[in-house]
Amino acid sequence: MNILVTGGSGFIGSHIVDKLIQYNHTVKVLDLKKPHRKDLDFVEGSIMDKNTIRLAMKDIEVVYHLAAVSNIDLVKENPLQTVEYNVMGTAYLLDEAREQDIKRFIFASSAMVHELKGHLYTFSKHASEQLCNNYEILYNLPFTIFRFGTVYGPRNRGADVISIFIENALNKHDLHINGTGEKKRNFIYVEDLAEGAIAGLAEEAKNQILTIAGLVSTSIMDLAMLIREVFDDKINIQVDNQMDREDDYEGIISGIDETITLLNWKPKVNLFDGLLKTIHWYKNDAAYK
């Protein structure tokens with residue numbers, strides 16, 4: 001199939017691109033920066049530009065929409081930009097998909113919507129989910145919504161807790177935990193996530209909301225202890241109970257079992273092995289260095 005990936009030069013998007021090409025799909029990337037590989041079509045531009053969207057979606061059958069403001073700190077610093085880019089950008093893409101009779105619009109949402117806490121990132125994902133639902137109801141535009149858990153692995157953007165912990169450990173710095181460390185995440189290795197996202201092309205996933213996340217819920221404290229174990233217990237863990245963020249994600253999640261059954265997919269890489277793979281990338285990747 002001819003498939004467009006918005007945000008296909010980013011962390012998650014680039015791995016989905018890899019899997020799509022591996023499975024012999026023809027891929028086009030729409031992004032502000034160049035993709036990591038050259039055996040695809042590339043449209044440089046923003047999802048806020050309707051002409052760029054129209055060009056990118058020409059002759060496309062399926063859209064994977066991943067382009068978004070996702071760094072939580074940047075979201076808090078730029079509320080209007082976040083709402084405009086994440087919500088209106090999705091609307092522009094959906095409307096062009098409607099015009100061009102796209103077979104499926106696959107939207108990258110977040111497990112954070114299970115809580116709907118007071119954060120604009122969560123709001124923007126929930127609002128975009130509602131847009132996908134309404135475009136299906138009003139215009140018969142098929143969708144698949146993926147609520148991703150906390151993703152880690154090679155090519156990450158360096159702002160997630162695993163990236164921060166690994167970078168600190170490699171530099172022999174302490175691992176700092178804000179709050180008690182009891183909040184949990186269903187960490188998922190990025191290649192497992194990409195496999196699940198490709199499985200979502202199946203007819204069974206049409207007009208479904210599916211959770212793609214790790215099977216085990218791990219606390220931030222347990223994560224820190226696991227990383228310390230990987231580094232032969234030579235790294236200290238510092239806990240700052242006064243730095244807990246009220247708007248932080250608690251880790252509530254559901255729907256993983258339903259996704260496994262529907263897609264005949266499940267994560268293969270456990271957290272320990274995934275950390276080893278990620279640390280190896282940090283140590284050896286020229287781009288990171």
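As the structure is a computational prediction, the values presented were derived from the model and not from experiment.
Between Val62 and Ile102, the closest heavy-atom pair is CA-CG2, 4.1 Å. Of all non-hydrogen atoms in Gly13 and Leu66, the two that sit nearest each other are N-CD2, 3.9 Å. When all heavy atoms are compared, the tightest approach of Glu229 to Asp233 is CA-OD1, 3.7 Å. When all heavy atoms are compared, the tightest approach of Gly214 to Ile188 is N-CB, 3.6 Å. Closest of all the heavy-atom pairs between Gly45 and Leu30 is O-CD1, 3.7 Å.
Listed by chain and residue number, nothing satisfies the salt bridge (Lys or Arg N to Asp or Glu O under 4.0 Å) test with Glu99 (two or more places apart in sequence, or in another chain).
Formation of a donor-acceptor pair under 3.5 Å by the Thr150 side chain with backbone atoms of Asn186 is not found in this model. Within the 3.5 Å criterion, the main-chain N or O of Gly255 finds a donor-acceptor partner in the side chain of Thr259. In terms of modelled atom types and a separation under 3.5 Å, the side chain of Asp174 and the main chain of His176 share no donor-acceptor contact. In this structure a side-chain-to-backbone donor-acceptor pair under 3.5 Å is present from Asn133 to Glu129. Proximity of a side-chain donor or acceptor of Asn207 to a complementary backbone N or O of Phe143 within less than 3.5 Å is detected.
Ring geometry for Phe187 against Tyr152 counts as perpendicular: the plane angle is over 60°, on a 0 to 90° scale with 30° as the lower cut.
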Throw together a table of side-chain donor-acceptor distances under 3.5 angstrom for residues 189-201, partners on residues two or more places apart or in other chains.
unit_1, atom_1, unit_2, atom_2, d
Asp192, OD1, Lys268, N, 3.2
Asp192, OD2, Lys268, N, 2.9
Asp192, OD2, Val269, N, 2.8
Glu195, OE1, Tyr23, OH, 3.0
Glu195, OE2, Lys19, NZ, 3.1
Glu195, OE2, Tyr23, OH, 3.2

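A salt bridge links Arg155 and Asp18; the closest N-O separation between the charged side-chain nitrogens and carboxylate oxygens is under 4.0 Å. Salt bridge annotation for Lys33-Asp31: absent, with no cationic side-chain nitrogen under 4.0 angstrom from a carboxylate oxygen.
Between Asp95 and Tyr135, the side chains place a donor N or O and an acceptor N or O closer than 3.5 Å (distance only, hydrogens not considered).
Counting heavy atoms from C-beta outward, Ile253 and Thr211 have side chains that approach closer than 4.5 Å.
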Practice prompt. Any chance you could lay out the side chain to side chain donor-acceptor pair (under 3.5 Å) test for Tyr282 and Ser163, step after step, and finish with the verdict?
Written response: CA-CA 9 Å; Tyr282 268 99; Ser163 300; 3.2 Å; yes
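For CG of Asp39, the number of neighbouring non-hydrogen atoms (other residues, nucleotides, ligands) closer than 6.0 Å is greater than 12.
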